[in-house]
Enquirer: 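One structure coming up, written as C-alpha cells, with questions to follow.
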Number of protein chains: 2
Amino acid sequence: MRRAACRVPSSSANLGPGYDVFSVALADPALEVQVELTDSTTNVEVEPLGRYGDRVNRNPERNSAARAFVELRRRLGADLGAKIRILANIPVGKGLGSSAAEAVGAVLSASRALGVELERVEVVRLAASVEPGGHADNAAAAALGGFNVILQEESETTFLNFRAPEDLGLVVLVPDIEKGSTELARAYVPKQVTMAEHVEVASRVAAACASMLSGDLRTLLRAISIDPIVERSRADGGVYGNYTWNELREEKLRLLKSYGVALTISGAGPSRLLLYDRSFGCRGEEGERPIDLAVNEVIASFERRGHRVLEVYWTRPDNFGAVQTS
Amino acid sequence: MRRAACRVPSSSANLGPGYDVFSVALADPALEVQVELTDSTTNVEVEPLGRYGDRVNRNPERNSAARAFVELRRRLGADLGAKIRILANIPVGKGLGSSAAEAVGAVLSASRALGVELERVEVVRLAASVEPGGHADNAAAAALGGFNVILQEESETTFLNFRAPEDLGLVVLVPDIEKGSTELARAYVPKQVTMAEHVEVASRVAAACASMLSGDLRTLLRAISIDPIVERSRADGGVYGNYTWNELREEKLRLLKSYGVALTISGAGPSRLLLYDRSFGCRGEEGERPIDLAVNEVIASFERRGHRVLEVYWTRPDNFGAVQTS
C-alpha cells in the first residue's frame, strides 16, 4: 500500500495593498491531507474529516485536493486511483487559503506516495493551476511557508520566498459573514484605478516588502494597514460585512494609532488578520497588552454590526510550509 | 567668513516600474555646491561653474540651490545672504536629478556653514520642497545615497533607505534628446490605469524591492526591465525620442535576454540607465563583456533614429550620499 500524508499551513493573501502579490503562511490553523494510492481503479474518493469536514466538497470534480491529484496524475501519465482523506481544520470559505492548502497537500502526499520528487516550485504551480483564476498566492505560502512575493510577467509567474520576521505576531478573527465565493468577491475589484491610487499602493507594497525583509515592523504595519483599491471597493460592495470602507478605514487607523496593530482583510475575506510586534507590550506592563485590547475592539465592532466571531487564532508566520507527517 | 561645500551624487528615479517610489544614487556623475554666507546683505547670488554650468539657471528664483537656501533661511529665521557656487558636473534636464542634487548641496552646505546640525531626513524634506511637485525621490537619493523607497501615505511621506548591492553595475547613456521639462513629461503620465496594469506593476515593484534587499540581481533586472504604465505612455508621447513603446520594449527584452542587462529610463528621461551584474562576464571570457555589447547596441539604436549619445558614464551605486568636502 502506497500512502503518505502532509500537514499544510493556512495562509493569508494580499496583506492589505498587496492584492495578487503578497501572501504569508500561518502556523495555525493547518490541515492535513493523506493520499492512499489504488492501482485497481482510477476512482478518486474524497473523505473529509476534522473540524470543517462538513464544509468540504466531497465531489472529486469540485474538490481542490482531488482536482490537484488528477492534474498530477495527468502530467505523470500515471493510471491510478486515490483515496484522499482531508483533516479539514482550516475554516472553509473564510479567506485562509483552505483550498490551496488541500491542493498542495494532495500534490505533495501523492508525489511522495509515488516516490516522485517534485521541486517545491512545481508543487506551487500544480496546486495553483486548480485554484480559481490560477492564482498562486495562497498555494505559494502553503507549499513554501514564510512571506511570498508573486512576480507576474507577461510570459511567466515567479515565486519569491522569504522568511517572515520572528517578532511578527498574527491574530486571525473569523466572523460568521458569508462572502459567497472568491470569484464573487473578485467581481468587486475595480477594472480601473486612478494614477494616484496606483502610486500610493505601489509605494505601500514596496515599503511593506522592504520592511518585511529588513525586519522593520513599525514601517511594515503602517505600509500594509490601508489599501485604497481592492479593500476599499470590496468593503463598499459588502464583501466584508456591514462595514462601509470609511468605517473599516477608521477602524484600521484607530487600531494602528492606539495599539500599533495593523488590521488587514485576509485574502478575499471575510476573516481579519491583525498584525503586531510581539516584542512590543510584553515588557512587564500591567494588565492587558495592546493586541488584547485591539482584538477586543474588533470583536465588539463586529457585534455592533450584527456579526459574530466564530474563531480567534493566536498565531505567527509559519516559515516552513507543508511538511510530510507520514 | 562662513563657508562650506558638499559633493552630491546624481541619481536615477523610478527604476522602471517604480514611478514616484524608487530611486538610486549614482557614484558618477556628481556635482559640488559651495555656500558662502554674507551678513551684510540678504542677496542670494548663484555662480554656476563646471561642465554644465552654462545650463544652470543663474536667476535665484529659478535655481534649485538658491530656492533651497531661501527656504532653509526662512525656516531658521536667519537674516542672511549667500554666494552659491555650483560645480555643475551632472547633465542638466537629462533625468539625472541635477536640480535635487543642487538643492541638497545648498541645504547641507548652508547648514554646515551656519553650524546647524540638520537630520538627513530634514535635508531631504527641505530639498524636495523646492522640487517640481515636491517629489522626494531624487532628493532622497542625493542626500542619503543607496536605494530609496518613498512611502506615500495620506498624512505623510517617509523615506526608507537601503544599501544597494555591491555587484550592481550601472551605465548611464545621455542622448541629445530634449524632453522639455519634467512637468511636460508628467503630462504624459496616464490619469487612469487598468487593474491588470496596476497588479503587474505592483508585483514588479515588490519583486524589485525584495531582490534589491536580498541581492538577487537576476530577479531585480527582470522585475525592473518593463514598465507598462509610465514608460509606455511617455514613450508613445515621444518623451524618450523617436521610439514607440513597442520599439523600446523590444529593445529592453532583447538586452535582457541576450546580455542579462536591464534598460530603464532614468527619471523622466531621456537618459537611459543600464543595470547589470558586475560579477557576470568578468570571469576571463575572451573579447567584449555582455554589458559592452549592450551599450554598443543602445548607442547604435539611438543613431539609427537620428539621435546622438553625448555622454556615457560607467558607474555604480553611491551608498553614501552627499558628503562635506570643505
Side-chain angles (χ1 to χ4, degrees), chain A residues 15 17-22 135 137 147-163 186 189-214 216 218-220 222-223 225-230 233 249 253 256-257, chain B residues 15 17-22 135 137 147-163 186 189-214 216 218-220 222-223 225-230 233 249 253 256-257:
Chain A
L15 298 179
Y19 174 74
D20 278 358
V21 177
F22 290 152
H135 289 286
D137 38 13
F147 168 63
N148 296 276
V149 176
I150 315 294
L151 170 57
Q152 298 193 358
E153 294 177 285
E154 247 173 58
S155 50
E156 71 175 298
T157 302
T158 312
F159 318 112
L160 309 179
N161 178 249
F162 304 94
R163 289 186 71 80
R186 286 205 168 246
V189 174
K191 301 276 180 291
Q192 297 266 328
V193 305
T194 68
M195 193 66 199
E197 289 163 351
H198 162 69
V199 170
E200 181 185 337
V201 170
S203 91
R204 287 180 176 278
V205 160
C209 208
S211 49
M212 185 73 92
L213 267 73
S214 69
D216 172 4
R218 194 162 165 272
T219 302
L220 172 67
R222 276 174 49 207
S225 65
I226 297 291
D227 171 27
I229 298 179
V230 176
S233 133
R249 185 175 163 277
L253 292 173
L256 189 66
K257 197 175 166 196
Chain B
L15 297 179
Y19 173 74
D20 277 0
V21 176
F22 289 153
H135 290 285
D137 38 13
F147 169 63
N148 295 275
V149 177
I150 314 294
L151 170 57
Q152 296 193 358
E153 294 177 284
E154 246 174 59
S155 49
E156 71 176 298
T157 302
T158 312
F159 319 111
L160 308 179
N161 178 251
F162 304 95
R163 287 185 74 78
R186 288 207 166 244
V189 174
K191 302 274 180 291
Q192 297 266 328
V193 306
T194 69
M195 193 67 199
E197 290 163 352
H198 162 68
V199 169
E200 181 185 337
V201 170
S203 91
R204 287 180 176 278
V205 160
C209 208
S211 49
M212 185 73 92
L213 267 74
S214 69
D216 172 4
R218 196 164 164 271
T219 303
L220 172 67
R222 278 175 47 208
S225 65
I226 297 291
D227 171 27
I229 298 180
V230 176
S233 127
R249 184 175 164 277
L253 292 173
L256 188 66
K257 198 176 164 195

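Model, not experiment: these values are computed from the prediction. Chain letters run A, B, ... following the sequence lines, proteins first and then strands; every chain starts at 1.
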Enquirer: Select one option (side chain, backbone, both, neither) describing which atoms of Phe22(B) are under 4.5 Å from chain A's heavy atoms.
Expert: side chain
Enquirer: Would one find more than 12 heavy atoms of other residues, nucleotides or ligands at under 6.0 Å from atom CD of Glu154(A)?
Expert: no
Enquirer: Which atoms form the tightest heavy-atom contact between Ala210(A) and Leu213(B), and what is the distance?
Expert: O-CD2, 3.5 Å
Enquirer: For Ile229(B), which atoms come within 4.5 Å of any heavy atom of chain A: side chain, backbone, both, or neither?
Expert: side chain
Enquirer: With rounding to the nearest 0.5 Å, note down the distance linking CZ in Phe162(A) to CG in Asp216(B).
Expert: 7.0 Å
Enquirer: Shorter than 4.5 Å, heavy atoms on both sides: which option in Arg222(B), Arg204(B), Lys191(B) has the most such pairs with chain A?
Expert: Arg222(B)
Enquirer: Among the options Val199(B), Val189(B), Asp20(B), pick out the one with the most heavy-atom pairs lying under 4.5 Å from chain A.
Expert: Val199(B)
Enquirer: If you count heavy-atom pairs under 4.5 Å with chain A, which of Pro17(B), Pro190(B), Gly18(B), Ala206(B) comes out on top?
Expert: Ala206(B)
Enquirer: Of the backbone (N, CA, C, O) and the side chain (C-beta and beyond), which part of Val149(B) lies under 4.5 Å from a heavy atom of chain A, both, or neither?
Expert: side chain
Enquirer: Could you tell me which of Glu197(A), Arg249(A), Met212(A) has the largest number of non-hydrogen atom pairs under 4.5 Å with chain B?
Expert: Arg249(A)
Enquirer: Between Thr219(A), Val193(A), Val205(A), which has the largest tally of heavy atom pairs under 4.5 Å with chain B?
Expert: Val193(A)
Enquirer: Looking only at non-hydrogen atoms, find the nearest pair between Ile150(A) and Ser203(B) and report the distance.
Expert: O-CB, 3.1 Å
Enquirer: Closest heavy-atom contact between Gln152(A) and Glu200(B)?
Expert: O-CG, 3.5 Å
Enquirer: Please state whether the side chain, the backbone, both or neither of Tyr19(B) comes within less than 4.5 Å of a heavy atom of chain A.
Expert: both
Enquirer: Using heavy-atom distances under 4.5 Å, tell me whether Leu160(B) contacts chain A through its side chain, its backbone, both, or neither.
Expert: side chain
